[in-house]
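Note that the structure is predicted; figures quoted are calculated from it, not measured.
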Amino acid sequence: MDSPAVSPTPLLKTNETAAETNKGEGRERFSSRLAFYFSAVGSAVGFGNVWRFPSLVFEYGGGAFFIPYLLALFLVGIPLLVLEISLGQHFQLGDVGCFGKIHERLRGVGLASIACGYMLVTYYSMLLAWTFNAFFASFRADNFWDQDEVSGTEAKEYFYQTIIGMDTLGDDLKPTRLVGMNVFYSLLTWVVIYFSVAYGLEATGKVTYVTMGFPLVILFVFLGRSLTLEGSGNGINEYIGESNWGIFSDHPEIWSRAVSQIFFSLGTTFGIMTAYGSHCKRNEPAFLNSCVVALSNSMFSFISGFAVFATLGHLAYLEGLDSVADLEYSSFGLVFGSWPVALGTLPGGQHWIRLFFIMLFMLGIDSAFSFMEAFLTVLHDTKLFHNVDRKRASLVLTACAFLLSTLYATDAGLVFLDSVDYYINFVIIFVGFVKCVAAGWVYKIETQIECLGSKIVFVYIATTFGSVLLACAMWFGVGNAAAGFFGLFISYAMGIAYVGYLMKKKMHEDPTLTWSDMLFDLTMGNVMKLREDLVSSVGHIPVAWAFLIRHFIPQVLLILFFLGADATTIDEDGNEVKVFGSYGGYATTYQILGILTVVFAGFLVVSSLVFPKLYKALETVDETEKSVDKNNIDEIEMAEKDQVDDIGNEQLSKGELT
């Protein structure tokens, strides 16, 4: 008689297949693709579109800024957006979980991304609080807008001195008090954020239909009105018709500012789009969705620019100036010192101004709660916080963020905000760099090493990034552009020659290897495997995307990081100084606070690489389940083996086996 035998192999395969099929089961989903679009575009579109983008165009040569902006959009922004949404969909996890899946030592990459967003939202929320303050102040008896004529300079000073509360600041710009009204409106803002995220994705999605749809309608209304104002044509001409091409040589940091604006505006490098992608079905077309989100966001910025510059043209006309460039506006004052003034000249001007504040608040609020959604998604993914009630988690996160945001509710709040916002640009670029390195160079690196050997792989990595670092040292350290390009070429050529020697040696050891296979595995193997795995879930992703993620974006971001750090300005004594470390001429305290944001992001990434066990608490639920499943499978295998042995022994004792 044949002995019964049960093979454990099919059981193992069945469990793996079931785990893959059920990945993301029970996860909150967007009710439709339209709901995803509203949430993602709502997150992307915010103050960065109506304040930051026009102010950068205003500062960096008018139409000339569009060249680095569009290049950054198509060559850097959209590919990184595709990466984040695709990873979220494929792994059905937030940023920390996704990069932990790539390698356990990369959880710090996702954590740095979330930390970047959390640091940013603490001051972003204060912009909303100031908008709240300005809105309710317009109903008071001493309403500033009751005056017959208000100039742009007066409006700007009103926002700075009264709304923000800078009237008590001394020449040293050190904080002297908390502005009570701004603390109150900050609390009110965080209450709105809490109720927007505490009740889950379904409630959040419904909120974005209003917070995204209403401002879009109002923007077109404002655009139509601004185009009818006297002098608006001159402003539009300076927006798209005139360009200061000398800006590229005078201010080369324009490239890094364009990239950080794209990242800031699209919501990449904050964990937001990874979180939103994880709440989509795995087979949603990630590339198409990314393009829709990115182009919608940029179109909103472009249209906002028309409205802002048309308004600036009108203000220049009112003040008798020949050019928009003669207006003394920058940053925050560009929007708050222009639109309210222009709208105030219209019939029923106060109501238009109030509508403007409502539009700004709605634009900003969905961006603010998307930062929190990214954090909540990461917490929910982890074994440690998976079963924590969402309302409770939301309360803790929003309460802590509110307390941190009180720093910006002081009379020096705008100085703190401006300082931290400048240095956050470096955090954004750094996070984008490490994300692309993780996806393009580290993904499946063990397999690559097994095939080619560790020496070939690591020499090639060192050659690629070492040559760029050497060039940066020559460009920005020594200040010799020719020497930088020469060092880049020579160091890269020497490194590649050595890699070729190692590959030839490897082929002698293993005759089955060919030059073409080894070159492909070395130069594109990791990222093409990532693309293959993502395509199996999210559909079409162009091959060009893989090339950009591995061979273009990380190198460019590395250069832009050092380019931004090397930017110079003229101080009050007429001396040329580095902007990094002396931004805005602010006191050392402000510089240290800003620099600490960069250091903190770097610490999270490096500490995770060196001490991965520090972040084991961030292990995701499915990783824990796999560990449990593996133990269960081992137990089943042992039980089956014991069962077979018992049956064999029984049959042997009966003489049934030969």
Side-chain angles (χ1 to χ4, degrees), residues 48 52-53 55-57 59-61 64-81 83-84 109 112-113 116 120 247-270 294 298 421-441 464-481 484-485 487-488 492 547-569 578-581 583 594-595 597-599 601-602 605:
R52 220 167 182 262
F53 176 78
S55 68
L56 288 173
V57 175
E59 182 179 356
Y60 288 105
F65 182 75
F66 286 106
I67 292 179
Y69 177 83
L70 291 174
L71 288 174
L73 172 65
F74 288 105
L75 298 180
V76 180
I78 291 179
L80 194 57
L81 184 61
L83 174 66
E84 292 195 352
V109 173
S113 178
C116 178
L120 194 152
I247 200 74
F248 294 106
S249 57
D250 296 338
H251 295 280
E253 73 275 9
I254 185 176
W255 296 96
S256 58
R257 297 303 297 273
V259 171
S260 60
Q261 168 60 18
I262 286 292
F263 285 173
F264 186 97
S265 185
L266 288 181
T268 54
T269 73
F270 305 123
S298 292
D421 183 64
Y422 170 75
Y423 289 101
I424 282 287
N425 284 287
F426 292 93
V427 180
I428 291 170
I429 291 176
F430 170 72
V431 171
F433 167 74
V434 292
K435 280 192 169 188
C436 289
V437 170
W441 292 82
T464 301
F465 292 103
S467 58
V468 175
L469 288 172
L470 176 62
C472 288
M474 301 301 291
W475 287 330
F476 311 125
V478 179
N480 191 321
F485 283 109
L488 175 66
Y492 188 77
F547 178 84
L548 290 171
I549 289 292
R550 183 174 172 91
H551 290 295
F552 180 77
I553 299 176
Q555 292 87 338
V556 166
L557 293 182
L558 192 61
I559 294 171
L560 291 179
F561 184 92
F562 289 107
L563 175 64
D566 187 61
T568 59
T569 188
K578 299 284 187 185
V579 178
F580 194 98
Y583 174 71
I595 292 172
T597 63
V598 185
V599 172
V605 173

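Considering all non-hydrogen atoms of both residues, A439 and I549 come closest at CB-CG2, 4.3 Å. Closest approach of K435 to S113, counting heavy atoms only: NZ-OG, 3.4 Å. Closest non-hydrogen pair, V109 versus V605, comes out as CA-CG2, 4.2 Å. Contact record, A112 with A601: CB-O, 3.8 Å, taken as the closest heavy-atom pair. The two atoms that bring P79 and I553 nearest to each other are CB-CD1, 3.6 Å, heavy atoms only. Between L80 and G432, the shortest heavy-atom contact is CD2-CA, 4.1 Å.
Residues passing the side chain to side chain donor-acceptor pair (under 3.5 Å) test with H551: none are found, sequence neighbours excluded. In terms of the side chain to side chain donor-acceptor pair (under 3.5 Å) criterion, T269 has no residue partners (sequence neighbours excluded). Evaluation of the side chain to side chain contact (heavy atoms under 4.5 Å, CB included) rule for A64 yields S243, W245, I247, F248 as partners, not counting sequence neighbours.
The aromatic rings of F430 and F433 sit tilted, their planes meeting at an angle between 30° and 60°. Note on ring orientation: taking the six-membered ring where Trp is involved, the planes of Y69 and F65 are tilted (angle from 30° to 60°).
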Working note: F552 + V76, criterion side chain to side chain contact (heavy atoms under 4.5 Å, CB included); need CA distance, chi angles, decisive distance, verdict.
CA-CA 8 Å; F552 180 77; V76 180; 4.3 Å; yes
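Put simply, the side chain of T597 does not reach to within 4.5 Å of the side chain of F426, judged on heavy atoms. At a threshold of 4.5 Å between non-hydrogen side-chain atoms, the residues R52 and D421 count as touching. Residues W255 and I559 are not in side-chain contact: their nearest non-hydrogen atoms beyond the backbone lie 4.5 Å or more apart. Looking only at side-chain heavy atoms (C-beta outward), L563 and P252 come within less than 4.5 Å of each other.
If you look at W475 and F562, their ring centroids are not closer than 6.0 Å.
Note that OH of Y60 and CD1 of I254 are 7.5 Å apart. Values are rounded to the nearest 0.5 Å. Separating the CG atom in L73 from the CZ atom in F263 is a distance of 11.0 Å, to the nearest 0.5 Å. With values rounded to the nearest 0.5 angstrom, L266 atom CG is found 9.0 Å from Q261 atom CD. Atoms CG and CG, from L558 and L469 in turn, are 5.0 Å apart once rounded to the nearest 0.5 Å. Rounding to the nearest 0.5 Å gives a distance of 5.0 Å between CG of L120 and CZ of F270. We find the CD1-CG distance between I262 and L81 to be 10.5 Å, quoted to the nearest 0.5 Å.
Proximity of a side-chain donor or acceptor of Y423 to a complementary backbone N or O of G581 within less than 3.5 Å is detected.
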